[in-house]
Q: 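One structure follows; several queries about it will come next.
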Amino acid sequence: MNIFKIYLKKIKDLILTLNQKGLIQIPKDLNSINVDIPPEQFDSDISTNVAMVLSKINKNNPLELAKKIENILKKNDPNIDKIDIVKPGFINIKFKPIFWNDFLKEIITNYNKFGINKNEVKKNYLIEFVSANPTGPLHVGHCRGAILGDVISNILKFNQHKVSKEYYVNDYGNQILSFTKSVYLRIREILNGEKFPIDNPNLYPGDYLIQISKNIIAENKNINFDNFDNISSKLTSLAISQSLILIKANLKNLGIFHDNFQSETEIINNNEVQNVIDKLKKNNFVYLGKIKAPVDEMKSNWVEREQLLFKSTEFGDDKDRPLQKSDKSWTYFASDVAYHNNKLNRNFDTMINILGADHAGYIKRISASVQALSGKKNKLICKVSQLVKLIKDGKPFKMSKRKGDYITIEDLIKEVGKDAARFIMLNRSSDVELDFDFSKVKEKSKDNPLYYVQYCYARISSVFRHIDKNINDEIKIKSYNFNYSPDEIKILQKISQWPRCIEISSKMLEPHKIATYLYELSSTFHSYWNMGKDDETKRFINKDKKISDEKLVLLKAISNVIRSGMNIVGVSIPEKM
RNA sequence: GCGCCUGUAGCUCAAUUGGAUAGAGCGCUUGGCUACGGACCAGGAGGUUCUGGGUUCAACUCCUAGCAGGCGCGCCA
């Protein structure tokens, strides 16, 4: 029940009717008309800009137009208490108690549906995220994108879209080769005591390789590890599946579960790369050519080579991109084009890729390929998650893979817990760099939004305990006939904005809005709670240790929204803290 | 040099995607625990939204030209 959408429709219908009667002119496009949340100082529940939008085309003062609309609105809507017309031409609407009573009845009886925008067109999404190389466990750097992708999926699912979560496994190429080699040398070390060349920059030095190697030895007693070439491909698949076990365990600890792990090797072995290149060739998007050297550095080392190129410049990229290496093997880009063609063939309405900031430069070429293959724009949406700046003991913490001093997801979870990791990573827009201060994240104070929201839920739970109920119990109300005070209406207004929050974060794929909203809702609650100290009528439990239906409904509504919100974010809501 | 992201209070960030007097937390400052959970609340000080131009009834938001920071820029993935 999105009251903003409901009233937007009412207002659009109204001006369409007025237009048909020849009373007003309307623009072709009604999209700039909106129904919004009015600023607090105006004592209204919703507001609309309709008069200002119509003013120009009607050559009429917005205030006068607003007056006309006001009269008609009031006459036809028994829910409206008063309408204010303010300065430039805003129409501010305040509802009667009956409106809030009906509203609460609806959201309490259908509590599990509140927030869903059910009239939105339902789509079938594919979201690809994490997709870290399968050469070891995940580290904190992967964490933000992982959580972002997971929560975007949760929002879309909450809004009743279909979502398939996918992890692309880059189990092919040079990095995998050196990874396999590293495992091999670790195995030799274990079996034959040959020391692992820890300083070789082309190898993976991490200690986790020792455990991987031990597992491989233990599970494959029949393999002879004397000659690398004889077993390299077998060893690759064994090493990767060991890596994936680690990665899946990491993701599980973050509360993340993918529906599908798509292997790159499989795409290549199915000849999909060759097929997609043939397809592009047919449509004239591929040619043999040379790439120009970058303008500045290392000009002297540049060797021009003729290679198979994809015309990504036709779709706005800076240069055309190579599909084939000089040794005739495919580039990473080529197999990724094939992978995206594979996605296209599975007929999703929209494909979402979550990328780290360091891969942002890749977006143009991959969306170019999707456009070339599908002819449709906007089939692929790429979301970039900016860097996370780690702060430990008040100082920035730099991770270096070489030295092996990086923080894994295990370390992170052990130190701050899944809930804090998820909530804090979401607390900022994905477009801005995020400070992740280990000491602050653990802090149990207002400085930490996670605890602030959880504390709100815990307080509500404690009220339910006092009346010998549980916060999850369904409540039965004889009649919704209440008259809430202005301070309580403030909470109701905030609650009424929940579906709108979902609507926008779902449309814009911006999960941080959920975290912000939950914080604000908690804030209005905490504020009201403290009023109870001076004013007993604002306490939930009265002198007789009872609670009125009016207050009970209010608490139930708040806690239901917090529960849905925290479920979407994927964090727990303890009843006691 | 080019591309992407960012620039808002001393610090970290919001801002209903173009709306009204730009809001929170931290820090500073003044108050509130014999209390349904103080992990909280109320008040105060703090702003030329990086700069210049443009579009609009309306610009933190869009366009444009700059400035500053981050990330990336060959057949690595």
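Naming convention: chains lettered A, B, ... in sequence-line order (proteins, then strands); numbering from 1 in each chain.
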Q: Could you go through A:T180 and A:T236, starting from their C-alpha distance and side-chain angles, then the distance that decides it, and tell me whether this counts as side-chain hydrogen bond (donor to acceptor under 3.5 Å, both in side chains)?
A: CA-CA 5 Å; A:T180 309; A:T236 298; 3.0 Å; yes
Q: Name the closest nucleotide to the A:T516 side chain, picking from B:A14, B:C5, B:A77.
A: B:A14
Q: Please state the C1' separation for the pair B:G27 and B:G74 - nearest whole angstrom.
A: 49 Å
Q: For the side chain of A:V432, starting at C-beta, report the closest nucleotide among B:A77, B:C57, B:A14.
A: B:A14
Q: When you check the phosphate oxygens OP1 and OP2 of B:G38, does a side-chain N or O of A:R459 lie under 4.0 Å from one of them?
A: yes
Q: Could you identify the nucleotide paired to B:G27, looking across every strand shown and requiring Watson-Crick or G-U wobble geometry with both distances under 3.5 Å?
A: none
Q: Measuring only the P atom in each nucleotide, how far is B:C5 from B:G18? A whole number of Å is fine.
A: 16 Å
Q: Using atom C1' in both nucleotides, what's the gap between B:U55 and B:A39 to the nearest angstrom?
A: 49 Å
Q: Looking at residues at least two apart in the chain, or sitting in another chain, which of them share a side chain to side chain contact (heavy atoms under 4.5 Å, CB included) with A:S55?
A: A:P62, A:L65
Q: Between A:F261 and A:Y167, how do the two ring planes meet: parallel, tilted or perpendicular, split at 30° and 60°?
A: parallel
Q: Quick one: salt bridge (Lys or Arg N to Asp or Glu O under 4.0 Å) partners of A:D431, sequence neighbours excluded?
A: none
Q: Taking only heavy atoms on the protein side, list every residue of residues 357-365 of chain A lying under 4.0 Å from any atom of RNA chain B, sorted numerically.
A: A:A357, A:D358, A:H359, A:Y362, A:K364
Q: With sugar-phosphate meaning primed atoms plus P, OP1 and OP2, does A:R465 contact a base, only sugar-phosphate, or nothing at under 4.0 Å between heavy atoms?
A: base
Q: With rounding to whole Å, what would you report as the distance between B:A22 and B:C26 at their P atoms?
A: 22 Å
Q: In whole angstrom, give me the gap between the P atoms of B:G19 and B:C60.
A: 10 Å
Q: Please give the distance between the P atoms of B:U21 and B:C11 as a whole number of Å.
A: 26 Å
Q: Under 4.0 Å, heavy atoms only, any strand: does A:V384 hit a base, just the sugar-phosphate, or nothing?
A: nothing
Q: A:K507: what forms a side chain to side chain donor-acceptor pair (under 3.5 Å) with it, not counting sequence neighbours?
A: none
Q: Using a cut-off of 4.0 Å between protein heavy atoms and nucleotide atoms, how would you tag nucleotides 16-22 of chain B 5' to 3' with B, S and -?
A: BB-BBS-
Q: Scan A:G532 against the nucleic acid and name what it touches under 4.0 Å (heavy atoms): base, sugar-phosphate only, or nothing.
A: base
Q: Classify A:E503 by what it touches in the nucleic acid, base, sugar-phosphate, or nothing, heavy-atom distance under 4.0 Å.
A: nothing
Q: What residues form a salt bridge (Lys or Arg N to Asp or Glu O under 4.0 Å) with A:R422, not counting sequence neighbours?
A: A:D150
Q: List the atom pairs, with distances to 0.1 Å, where a side-chain N or O of residues 361-368 of chain A and a protein N or O form a donor-acceptor pair under 3.5 Å, not counting sequence neighbours.
A:
from, atom 1, to, atom 2, distance (Å)
A:Y362, OH, A:D336, OD2, 3.0
A:S367, OG, A:I363, O, 2.6

Q: Return the nucleotide paired to B:G72: Watson-Crick means purine N1 to pyrimidine N3 with N6-O4 or O6-N4, wobble means G-U with N1-O2 and O6-N3, both under 3.5 Å.
A: B:C2
Q: Would you tabulate the side-chain donor-acceptor contacts of residues 538-547 of chain A under 3.5 Å, counting partners in other chains and residues two or more places apart, or write 'none'?
A:
from, atom 1, to, atom 2, distance (Å)
A:K538, NZ, A:D487, OD2, 2.6
A:N542, OD1, A:D544, N, 3.2
A:N542, OD1, A:K546, N, 3.0

Q: Which residues within residues 329-336 of chain A lie with some heavy atom under 4.0 Å of an atom in RNA chain B?
A: A:Y332
Q: Looking at every strand, decide which applies to A:S527 at a 4.0 Å heavy-atom threshold: base, sugar-phosphate, or nothing.
A: sugar-phosphate
Q: Does A:K392 count as lying over the ring of A:F438, i.e. NZ or CZ under 6.0 Å from the six-ring centre, within 45 degrees of the axis?
A: yes
Q: Which residues pass the ring-ring contact (aromatic ring centres under 6.0 Å, His included) test with A:H466, not counting sequence neighbours?
A: none
Q: Please name all residues satisfying side chain to side chain contact (heavy atoms under 4.5 Å, CB included) with A:S131, sequence neighbours left out, ordered by chain then number.
A: A:E128, A:Y168
Q: Kindly write out the residues that satisfy salt bridge (Lys or Arg N to Asp or Glu O under 4.0 Å) with A:K556, not counting sequence neighbours, or none if the list is empty.
A: none
